[in-house]
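Sequential numbering from 1 along the given sequence is applied to the chain's residues. Whatever order the structure lists ligands and atoms in, that order sets their numbers, starting from 1. All figures in this text were calculated on a predicted structure; none of them were measured in a lab.
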Amino acid sequence: MQSTETTFSFSDLAISPPILQAIREIGYEIPSPIQAASIPYLLAGHDLLGQAQTGTGKTAAFALPILNGIDLERREPQALVLAPTRELALQVAEAFQSYARHLPDFHILPIYGGQSMDAQLRHLRRGVHVIVGTPGRVMDHLRRKSLSLDSLRTLVLDEADEMLRMGFIEDVEWILEHTPPQRQIALFSATMPEVIRKVAKRHLRSPKEAKIEAKTATVEAITQRYWLGSSAHKLDALTRILEVEDFDAMIIFVRTKVLTEELAEKLEARGYSAAALNGDMSQALREKAVDRLKKNTLDILVATDVAARGLDVERISHVVNYDIPYDTEAYVHRIGRTGRAGRKGQAILFVAPREKRMLSAIEKATRQRITEMRLPTHQDIAERRVEQFKAQVMATLEEEDLEFFRRLVQQLGREQGLSPTDIAAALTFLVQKDRPLIPDEKPAPAEYTPSSREPQKKFRDSEPRDKKHKRKEREDGGVLYRIDVGRNDGAAPKDIVGAIANEADIPGSSIGHIKLYDDFSTVSLPADMPKKSLKRLEKVWIVGKPINIRLWTGDAPAAPAFGKPKQKKGYPKKNG
Ligand code: AMP
C-alpha cells in the first residue's frame with residue numbers, strides 16, 4: 001500500500017524510455033498512489049485486484065504496464081480492456097494513445113455498440129495491439145471470430161462494479177472464459193461487492209491487492225465548498241470566483257507541471273499576480289516564488305502536490321482544487337495549506353460530474369459536509385466591482401494629496417459650465433474602461449443543480465446496442481462535431497478555437513475538448529449553440545481548407561485507431 005507521500009518517480013519503475021518520455025511531456029510528476037501500488041505488480045506479471053475510482057489515475061495504472069509489454073512487431077490483440085460504457089472505452093483509448101505517442105505504429109481500437117460493424121471489422125483485419133471495448137460488442141466479435149484472443153497477454157476489467165450494475169457481468173465472465181489460460185488479469189473497481197469478489201476468486205490467480213485507503217482527518221478551521229461543473233468551464237469558473245472572493249493569498253492545485261504554467265500565465269494575463277510552482281523548477285526558483293508570496297509581491301501560486309508539500313505561508317486564505325486530488329489524503333494535505341497559525345481558511349473544490357464519488361469519499365474522510373457553491377453571476381461581479389471602486393475612491397481621498405487635481409476640476413467646471421457630478425462621471429468612465437464596472441454579459445458556465453448529487457449513471461451513456469447513433473451530449477455539456485482539418489493540414493487547437501469563436505460568435509471558453517487526428521479533428525461545442533452559429537460555421541475555412549463541420553457519428557474513418565491525438569491543452573484559449 002502506497003500513500004500520497006509516494007516519493008519514487010516514474011523513472012524508478014521499470015518502464016521503457018519512450019513511455020517515460022511521453023509521461024514527462026504530458027507533465028505527470030510522480031505516480032499517483034494507485035499507480036504506485038499497481039504498476040510494480042503488473043510489470044511483474046501478477047494478477048491484480050485494484051480498488052480505485054475515476055480520478056485516481058487508474059487508467060495509467062494499467063495502461064503503462066500494458067504498453068511496456070507490447071510487442072509492436074506483432075499486430076495482434078495482446079491486451080483487452082473491458083469498460084462499461086462507450087464513453088469510458090473512448091477515454092481509455094485516448095489515454096493509451098497519449099502514453100504511446102513515441103511507440104511507432106502502435107494501434108489501439110475502441111469497439112462498442114452503436115458504431116458501424118464494418119469499420120470495426122476493417123480495423124480488426126488490419127491488426128491492432130490493444131482493444132478497448134464494451135462487453136456486448138466484444139462478445140459479438142468473438143462469436144463471429146472476427147476477434148481472436150489467442151495472443152492475449154493481459155485483460156483489464158475497468159470499473160467492474162459499473163459493469164455489474166449495468167448487467168454486463170455474465171458477458172464479462174463469458175469473455176473471461178474465452179481467453180487463453182496464461183493471461184494476466186487486472187480488475188479495477190471503485191467498490192468491491194460480493195459478486196465482483198466472486199468473479200475475482202474464480203478467474204484471478206493469487207491476485208495482489210492495490211487499494212487507496214481513506215484515512216480520516218480533521219480540518220476544522222477550514223470552510224469547504226465545491227463547484228460542480230465540466231472541465232471545459234473551469235477557467236471561467238475560476239475567474240468568476242477570483243472576482244468576488246475576498247482572498248489574501250491563494251494556492252491553486254492542478255495535476256500537471258504543464259498546467260501550472262499555463263494557468264499561471266492565463267491568470268497573469270487577466271491581471272493577477274500569479275506564478276507556477278512545480279517539481280521541474282529548481283529549489284532556488286521555488287523558494288523565490290514562496291518568498292514572494294510571503295512578502296505580498298505575489299498573490300497566487302498554481303502548484304502541483306509535490307511542489308507544494310510542506311508549504312507554510314500564513315497569508316494563504318484560499319486553496320482552490322482546480323483539479324481534484326487523487327485521494328482524500330492528498331485533499332487534506334492540500335487544504336491544510338490554508339487555515340495556518342490560527343487563521344480561518346477557505347477551500348474550494350472543482351468537481352466534474354464523473355468525479356462525484358471522490359467528493360463523497362472526501363466528505364467521509366474529513367467527516368464534514370462540503371457545501372455546494374453557486375458561481376458568482378454577472379450581477380454579483382458588477383456589484384463587487386462597484387464596491388471596490390467606491391473603496392478605492394475613499395482610500396484615494398484619504399491617502400493622496402489632491403490639491404492640484406481639485407483645482408483642475410474646478411477650473412474645468414468653470415470653463416465649460418459643468419457640474420462636479422458630470423466631471424466625476426466622465427472620469428469614472430475613463431478609469432473603468434479596461435475593466436468595466438459592468439462587465440460584458442457572458443453566459444454562466446454550465447452548472448449542475450444540487451439535485452445532481454445523485455448516482456453517476458445520469459452522466460453515463462449506456463451502450464445503445466445497435467441503435468442508430470443520436471446527437472449526443474457529452475460530459476462537458478457539449479455536443480461533438482467533426483471537422484475536416486487535422487494535424488496533417490498543420491492545424492493546431494488554437495486555430496480551431498480562434499476560427500470557431502470568431503465565426504460562431506461563441507466565447508472560446510465554451511468550446512470544449514478538441515482532438516486532432518491526422519486528417520480530421522473533433523470538437524465539442526455547446527449543446528445550446530444557436531442554429532445560425534452552426535450555419536456560419538459551415539462556411540468556415542481553417543488553414544486554407546473548408547472545415548465541412550458536421551455532427552460526429554463515431555463511425556469510420558473517425559475511430560482513433562488511425563492516428564494519435566495530440567497532447568490536449570488543459571482548456572481552450574479565451575477569445576480565440
Ligand atoms: P483516471 O483516474 O485514470 O481517469 O485519471 C484521472 C486524471 O488524472 C487524468 O486526467 C489523467 O491524465 C491524470 N493523471 C493520471 N496519472 C497522473 C499522474 N501521475 N500525475 C498527474 N496526473 C495524472
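For atom 11 (C) of ligand 1, the closest non-hydrogen atom of the protein is Y28 OH, 3.2 Å. Among protein heavy atoms, the minimum distance from atom 16 (N) of ligand 1 is reached at Q35 NE2, 2.7 Å. Scanning all protein heavy atoms for the shortest distance to atom 18 (C) of ligand 1 gives Y326 OH, 3.0 Å.
Residue-level proximity to ligand 1 for I30 is carried by the backbone, the only part with a heavy atom below 4.0 angstrom. Under 4.0 angstrom from ligand 1, there are no non-hydrogen atoms of Q91.
Of all atoms in ligand 1, numbered sequentially from 1 with element shown, those under 4.0 Å from a heavy atom of S32 are 19 (N). Here is the list of ligand 1 atoms found below 4.0 Å of a heavy atom in F10: 19 (N).
For the side chain to side chain donor-acceptor pair (under 3.5 Å) test, residues two or more places apart in sequence or in another chain that qualify with H203 are E173. By the ring pair (Phe, Tyr, Trp, His ring centres under 6.0 Å) test, F96 is found to be paired with no residue, residues two or more places apart in sequence or in another chain being considered.
Just one residue in the list N278, T304, T256 forms a side-chain hydrogen bond (donor to acceptor under 3.5 Å, both in side chains) with E29, and that residue is T304.
Checked by distance only, ligand 1 and R255 come closer than 3.5 Å through their nitrogen or oxygen atoms. Remark: ligand 1 and G57 share an N or O pair separated by less than 3.5 Å (distance only, no angle test). The shortest N or O to N or O distance between T256 and ligand 1 is not below 3.5 Å. Between Y99 and ligand 1, not a single N/O pair is under 3.5 Å apart.
In this pair, Y322 and F350 present their aromatic rings tilted. The plane angle is within the 30 to 60° band.
Rounding to the nearest 0.5 Å gives a distance of 4.5 Å between CD1 of I251 and CG of L301.
Between R354 and E87, none of the side-chain N atoms (NZ, or NE/NH1/NH2) sits under 4.0 Å from a carboxylate O, so this pair counts as no salt bridge. Salt-bridge formation is detected for the pair D236/R240: a Lys NZ or Arg NE/NH1/NH2 atom is positioned less than 4.0 Å from an Asp or Glu carboxylate oxygen.
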### Message
Does F188 form a side-chain contact (heavy atoms from CB on, under 4.5 Å) with E159? I'd like the steps, not just the answer.
### Response
CA-CA 6 Å; F188 283 90; E159 302 200 352; over 6 Å; no
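Checking T59, L64, D305 against atom 3 (O) of ligand 1, the nearest heavy atom belongs to T59.
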